[in-house]
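For reference, the structure discussed in these notes is given below.
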Amino acid sequence: DQEELSPDSQERLLRNYAAANNIFLEHVFADAGISGRKADKRPGFQEMIARAKSKEHPVDVLLVWKFSRFARNQEESIVYKSLLKKAGVDVISVSEPLADGPFGSLIERIIEWMDEYYSIRLASDVKRGMEEKALRGGYQAAPPLGYHMEDHIPVIYEPEAVIVRKIYRLAAEGKTSTTIARIINDAGYRTRRGKLFEHRGIVYILQNPFYKGYVRWNYRKHSSYYNNADNDIITTKGLHKPLIDEN
């Protein structure tokens, strides 16, 4: 939420700096909406680094609005800046000018440490806010198959709800998740993305308390199929109508 200095505003400041210092801009890289804490999750950043340290040596300098735009992980920042330095490429923050020599390097390390600390603290604050919302039964993600949002509350969406009910009926008859997936697919049903149902998706539907009127938060580790520990998972009564009888 960078309203004061949006990506467009940052780019304008970079262009102004380049013009004032007789620097020709070859390209502008951006990773919109992606955290700066993990470099391997930033395709724009990786493309920039690859081009900057290529044998052709297309650039002498990388301009960033702040060092935090380069990286918010001090260890990664040091590693990538070292790679660039070996390729004869400097990284310059247009809003954080540094003095030459060891004192300037010290200040740069302090800035990197502060950026990483801010990122960690922000993540902690966001998680705490999401946890509080979950405890109140709030919704923080798109509703599962069988529901869609109306006025910020999930409501039953019949074209998908029929699939969920059929899955539960088959499970109640003793069918395995693999068999259920085959039956559902043979009946012509597809996932919300138009794909075939798999064993894993059937299990997730059958184990999701959302269908009996509950909200579950922090169930899985971020970007992973592994579940969090039970004491890290929050399950509370939701405001939506159950699709499946709790019994």
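Everything numeric here is computed off the predicted structure, so don't read it as measured data.
Atom CZ of Arg42 is separated from atom CD of Glu47 by 13.0 Å, given to the nearest 0.5 angstrom. Note: Ile23 CD1 to Asp60 CG = 9.5 Å, rounded to the nearest 0.5 Å. For the atom pair Phe45 CZ and Asp31 CG, the distance stands at 9.0 Å (nearest 0.5 Å). To the nearest 0.5 angstrom, Leu84 atom CG is 8.5 Å from Lys53 atom NZ.
Taking the side-chain hydrogen bond (donor to acceptor under 3.5 Å, both in side chains) definition, one finds that Asn21 meets it with nothing, sequence neighbours left out. With sequence neighbours excluded, the residues that form a ring pair (Phe, Tyr, Trp, His ring centres under 6.0 Å) with Tyr157 are His148. Judged as a side-chain hydrogen bond (donor to acceptor under 3.5 Å, both in side chains), and not counting sequence neighbours, the contacts of Arg192 are Glu160. Take Arg15 and apply the side-chain hydrogen bond (donor to acceptor under 3.5 Å, both in side chains) test, not counting sequence neighbours, and it matches Glu11. Here Glu26 pairs with Arg51 under the salt bridge (Lys or Arg N to Asp or Glu O under 4.0 Å) rule; sequence neighbours left out. Not counting sequence neighbours, the partners of Lys81 by the salt bridge (Lys or Arg N to Asp or Glu O under 4.0 Å) test are Glu108, Glu112. Scanning for side-chain hydrogen bond (donor to acceptor under 3.5 Å, both in side chains) contacts around Thr191 gives an empty result, with sequence neighbours left out. Scored by the salt bridge (Lys or Arg N to Asp or Glu O under 4.0 Å) test, Glu158 finds Arg165 as partners (sequence neighbours excluded). Judged as a ring pair (Phe, Tyr, Trp, His ring centres under 6.0 Å), and not counting sequence neighbours, the contacts of Tyr147 are Phe210, His240.
No side-chain donor-acceptor contact under 3.5 Å links Thr178 to the backbone of His199. Checked by atom type and distance alone, the side chain of Ser93 pairs as donor or acceptor with a backbone atom of Trp65 at under 3.5 Å. Between the side chain of Asp151 and the backbone N or O of Ile153 there is no donor-acceptor pair closer than 3.5 Å.
At a threshold of 4.5 Å between non-hydrogen side-chain atoms, the residues Ile202 and Ile167 count as touching. With contacts defined as side-chain heavy-atom distances shorter than 4.5 Å, the pair Met48/Tyr80 does not qualify. Using a 4.5 Å cut-off on side-chain heavy atoms (C-beta onward), Leu62 and Ile92 make no contact.
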Listed pairs under 3.5 Å, donor-acceptor, residues 180-187 side chains, sequence neighbours left out:
unit_1, atom_1, unit_2, atom_2, d
Asn185, OD1, Phe197, N, 2.8
Asn185, ND2, Ala181, O, 3.0
Asn185, ND2, Phe197, O, 2.9

Inset, instruction - Let me see the working for Leu145 and Ile205 under side-chain contact (heavy atoms from CB on, under 4.5 Å), right down to the final yes or no. - result: CA-CA 8 Å; Leu145 187 75; Ile205 289 173; 4.1 Å; yes
Inset, instruction - Before giving the answer on side-chain contact (heavy atoms from CB on, under 4.5 Å), spell out for Tyr211 and Asn208 the whole-Å C-alpha distance, their side-chain angles and the decisive distance to 0.1 Å. - result: CA-CA 6 Å; Tyr211 294 114; Asn208 192 346; 4.0 Å; yes
Legend entry - Stepwise side-chain contact (heavy atoms from CB on, under 4.5 Å) test for Lys241 and Ile156: CA-CA 7 Å; Lys241 183 180 179 181; Ile156 294 174; 4.1 Å; yes
Legend entry - Residues Leu14, Val94; criterion side-chain contact (heavy atoms from CB on, under 4.5 Å); working and verdict: CA-CA 7 Å; Leu14 292 172; Val94 302; 3.7 Å; yes
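Listed by first and then second residue, the salt bridge (Lys or Arg N to Asp or Glu O under 4.0 Å) pairs involving residues 84-95 amount to none (not counting sequence neighbours). Applying the salt bridge (Lys or Arg N to Asp or Glu O under 4.0 Å) rule to pairs touching residues 167-177 yields Glu173-Lys175, sequence neighbours excluded.
Cluster membership for Leu83 and Phe29, using ILVMFWY side-chain heavy atoms within less than 4.5 angstrom, is shared.
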